Each structure stands twice: as structure tokens, then as C-alpha cells.
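To keep things clear, I will list the structure first and then write my remarks on it.
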Amino acid sequence: MSPSINLQQGANASLGELMPVVGTVVVGFGWRLIESNGPVTELVPSAIVCDADGKALSDEHLVFFNQLAAPDGAVRFVDGGDEEQIEVDLAAVPERVDKIVFVVYIDPDLRKPSTYSSVRSAYFRLTDRSGTELVRHDIVIASGSQSTAMIFGEVYRHRGAWKVRAVGQGYSTGLKGVAADFGVEI
Amino acid sequence: MALDRTASREHIAYLRRRPKVGEKPAQPAAEPETSSLSLSLGRAGAAKPTPASAPGTRRVHGRMLLTADTPTVTLDRRQSAIGSLAFEIAGPGAVGALWELTDLTAGHVDAAVGTSTSPEFGRRPIVELTRHRVVVGLRHVHELRRLLILVSGFRGNDPQRLIAELHNESTVESAHTSTTGPVVVAMAIYQVDGELVIRREDFGFDSGESAAAAYGFTISWLPPVERRG
């Protein structure tokens with residue numbers, strides 16, 4: 001088994017080279033917040049299952065804590081390590097799915113929702129079902145970041161194989177901006 | 001028969017617990033054998049549990065007015081769990097709320113009583129009275145069981161309009177008068193398997209306490225002394 005790859009922002013890796021059989025991967029999210037006595041910055045991991053045009057297959061293909069699985073069941077929240085985990089059964093992902101984008105947004109509560117400036121560190125990683133880490137990306141958070149949502153990474157098809165990319169793209173428009181880009185009605 | 005609140009309701013998709021890593025998704029239970037025209041309950045002697053759909057229109061677009069004829073709307077899973085739900089009165093008047101959590105802890109936010117907070121999740125009260133609005137934090141919507149929105153401060157027979165604003169600026173509204181009592185239960189909100197069902201009520205009471213009693217709320221929570229009022 002190859003050792004885990006530490007991906008830099010924008011870099012990608014082929015899952016076929018990291019796993020003997022490309023089956024199920026577990027996407028783990030973690031973060032540390034800057035200590036504060038104020039309201040907690042509520043980071044919410046999610047996955048958006050997209051077609052070849054980069055749009056969500058449907059509104060139900062936004063997978064988050066109140067919509068725990070995509071309709072086909074191939075992308076679903078699981079209980080495990082990390083702060084949150086989403087399991088992707090790559091063999092069961094429908095053909096029309098081109099990529100799965102992993103977004104962590106800050107819940108837009110009316111009462112001091114905050115920004116990524118209150119996040120000390122965050123990561124995104126892929127493991128196999130046994131927990132062996134395949135890929136890790138430590139998110140680059142700019143000092144004073146005004147982002148309120150961020151694409152941590154994506155798993156995508158490339159010439160018939162699955163790859164993973166570290167994205168690290170922030171949105172100052174929050175989940176609303178993400179939803180507009182991916183065609184999800186929130 | 002007493003309601004068993006601890007029993008798992010696996011037949012309701014969104015109440016299934018999250019599976020462990022590597023665990024196969026739960027398969028639906030086999031249906032009892034019946035002929036296509038049979039009205040019998042099958043071999044097991046019990047009908048297949050049929051989860052009731054939440055009533056009313058699904059998803060709010062723009063401005064929706066609840067009336068006696070169309071009293072109910074169900075917010076979808078995204079509208080029910082993103083950002084905040086804020087209730088306020090258009091014009092003079094006051095808004096308050098009776099809340100109940102899934103563990104049956106209950107309380108109120110009401111300027112007349114001097115309470116403005118409720119138990120915190122993520123160091124934010126799940127229901128809070130702030131600047132003449134009742135704000136509900138939806139990140140922890142699964143903790144909320146039900147909520148009553150109370151309207152008071154009527155001027156004569158002038159109607160009051162209650163507005164519930166969603167995170168996407170869509171609104172659910174209802175109009176009320178004081179003809180049935182100085183405190184009107186204007187809306188009831190129920191969390192049903194992660195979806196919020198909003199129902200127009202329009203029942204008047206002498207006070208918030210009598211409304212609580214009528215709806216079966218047992219007030220069991222008060223804010224810490226230093227944060228009251």
C-alpha cells in the first residue's frame with residue numbers, strides 16, 4: 001500500500017494508484033476553531049453530486065446533515081472518525097455522475113454566523129473503509145478570510161477512472177453562492 | 001398505550017441512524033405476503049407501516065399566505081435546516097413563543113414574562129427573542145419538537161400580520177385579530193423527521209400561560225438568573 005499523499009491546493013491524484021480496487025472511499029472533514037466565548041462558528045460539511053455540466057443532479061443531491069444520503073445511496077453520511085464523514089461507494093455511483101464536490105459551509109444563522117477567519121485549521125482526507133489514509137489536504141485559510149463557504153475538494157471521473165483534487169476555493173457569498181454555482185435550490 | 005419514544009423508527013428513511021463506516025445500507029423489511037386484492041394484514045398480522053407524509057404544500061417560493069382554507073405548509077429538508085427562521089409582526093404588536101425540545105424540555109420567550117432565551121446549541125439559544133423577533137436556529141433543528149408563535153399587543157380590531165422569514169428571504173405569513181383573546185396562538189411549527197410543518201392556528205387566550213396549558217406545554221426551563229430579562 002502506498003503511503004498517504006499530502007495534496008497541495010489544486011493538485012490531484014488517481015485513486016486507482018492508491019487503492020488496489022477502487023471501491024468505497026470515506027471522505028473525512030476536520031477543523032479547529034479559534035477559541036472564543038461567542039457563538040460557535042457552525043461548519044457544516046456537505047457533498048454535491050454533479051453531472052458533466054458541473055450542476056447538481058437534483059436538489060436532493062445536496063447531501064448534508066438533514067439530507068443524509070443522495071437518492072441513489074452512493075453518497076451518504078456515516079459515523080466514524082474525523083468531525084464528519086461522508087462515504088462514497090464509487091462502484092455504485094451512477095454513470096451520469098461526473099464529480100462529487102465536497103463543500104463545508106458556515107451555517108448562515110442570523111446571529112453572528114462568522115467567517116473562516118475564526119477557523120484555525122481544517123483538513124480534508126480520503127481513507128479506505130479500513131481507515132487507511134489515502135490522501136490528505138490541509139486547507140489553506142487566509143488570515144482575515146471573509147469566506148463563508150469553501151470547496152475543500154472533489155472526486156471526479158477522468159478517462160474512465162476516479163481521481164481526487166484538493167480545491168480550497170472559498171466563497172464570500174456562502175452557501176447561497178455555492179448553491180447558485182451548482183444549481184441547487186436551498 | 002404509552003408512547004415509546006426510545007423505539008427506533010427504521011421505516012422512516014430520515015430517522016435511520018447513520019451507518020458505521022463500511023456497514024451496508026439497511027434493506028427494507030420484506031413485505032408480508034398478500035394477494036393483490038387482499039385486504040388482510042398478511043402473515044405477520046400487521047400492516048406494513050406507512051410513513052405519513054407531512055401535510056400541505058412543499059417548499060416555499062416567495063411569499064406564502066396561510067389562511068383558514070390553506071392553513072399548512074411544509075418546508076423541505078433544506079429550508080428546514082439552513083440558517084434561521086425569524087418571526088416578526090408587521091406593524092405594532094408583540095411576538096413571543098412557546099418551545100418544546102425533543103427531550104420534552106419546554107419554555108417560553110416572551111418580553112412580557114422577561115425571558116428571551118432557551119437552551120443553547122453551539123452557544124446560541126435554539127429559540128431566541130431578539131429585537132422584537134423570535135429567531136430559531138435551524139442548524140440544530142433536530143433538537144426542536146414544536147413551537148407556538150404567540151401574537152399580542154393588538155390595537156382594537158386591527159389585524160396583525162405575522163411574518164416568518166426563511167434564510168432565502170421567502171416568507172410564510174398569516175393574519176390575525178384579537179377577537180378571540182388578547183394573546184393569539186398564530187402559528188404552530190412541528191419538526192417532523194427533519195422537516196418543519198408550519199400551521200396557521202388563530203386561537204385566542206387570556207395569557208401565554210393559558211395557551212401553554214391548552215396546548216399541553218409543561219414549562220420546565222428558565223434561563224440562568226444572570227441572563228433573564
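Computed from a predicted structure; not experimentally measured.
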Open item on the list: I want to check something: taking the side chain as every heavy atom from C-beta on, are B:Asp76 and A:Glu185 in contact at a cut-off of under 4.5 Å?
Closed with: no
- [ ] Looking only at non-hydrogen atoms, find the nearest pair between B:Val135 and A:Leu110 and report the distance.
- [x] CG1-CD1, 4.4 Å
Open item on the list: Between A:Arg111 (side chain only) and B:Arg124 (backbone N and O only), is there a donor and an acceptor less than 3.5 Å apart?
Closed with: no
TODO: Identify which part of A:Leu62 has an atom lying under 4.5 Å from any heavy atom of chain B, answering side chain, backbone, both or neither.
DONE: side chain
Task: Qualifying residue for side chain to side chain contact (heavy atoms under 4.5 Å, CB included) with A:Asn66, from B:Arg139, B:Arg78, B:His142, B:Gln79 - done: B:His142
- [ ] Report yes if some heavy atom in the side chain of A:Lys176 is under 4.5 Å from a heavy atom in the side chain of B:His167; otherwise report no.
- [x] no
Task: Polar side-chain atom of B:Arg123 near backbone of A:Gly38 as donor-acceptor pair, under 3.5 Å - done: yes
Open item on the list: Between A:Asp89 and chain B, with a heavy-atom cut-off of 4.5 Å, which part of the residue counts as in contact: side chain, backbone, both or neither?
Closed with: neither
- [ ] Could you have a look at A:Ala179, A:Ser36, A:Gly174 and say which one has the most heavy-atom pairs with chain B under 4.5 angstrom?
- [x] A:Ser36
- [ ] Inspect the surroundings of CD in A:Gln9 and state if more than 12 heavy atoms from other residues, nucleotides or ligands are less than 6.0 Å away.
- [x] yes
Open item on the list: I need the minimum non-hydrogen distance between B:Asn168 and A:Ile186, along with the two atoms involved.
Closed with: ND2-O, 3.5 Å
- [ ] Compare every heavy atom of B:Ala81 with every heavy atom of A:Phe65, then report the nearest pair and how far apart it is.
- [x] CZ-O, 3.4 Å
Open item on the list: Given heavy-atom pairs under 4.5 angstrom as the criterion, report whether the side chain, backbone, both or neither of B:Leu138 touches chain A.
Closed with: backbone
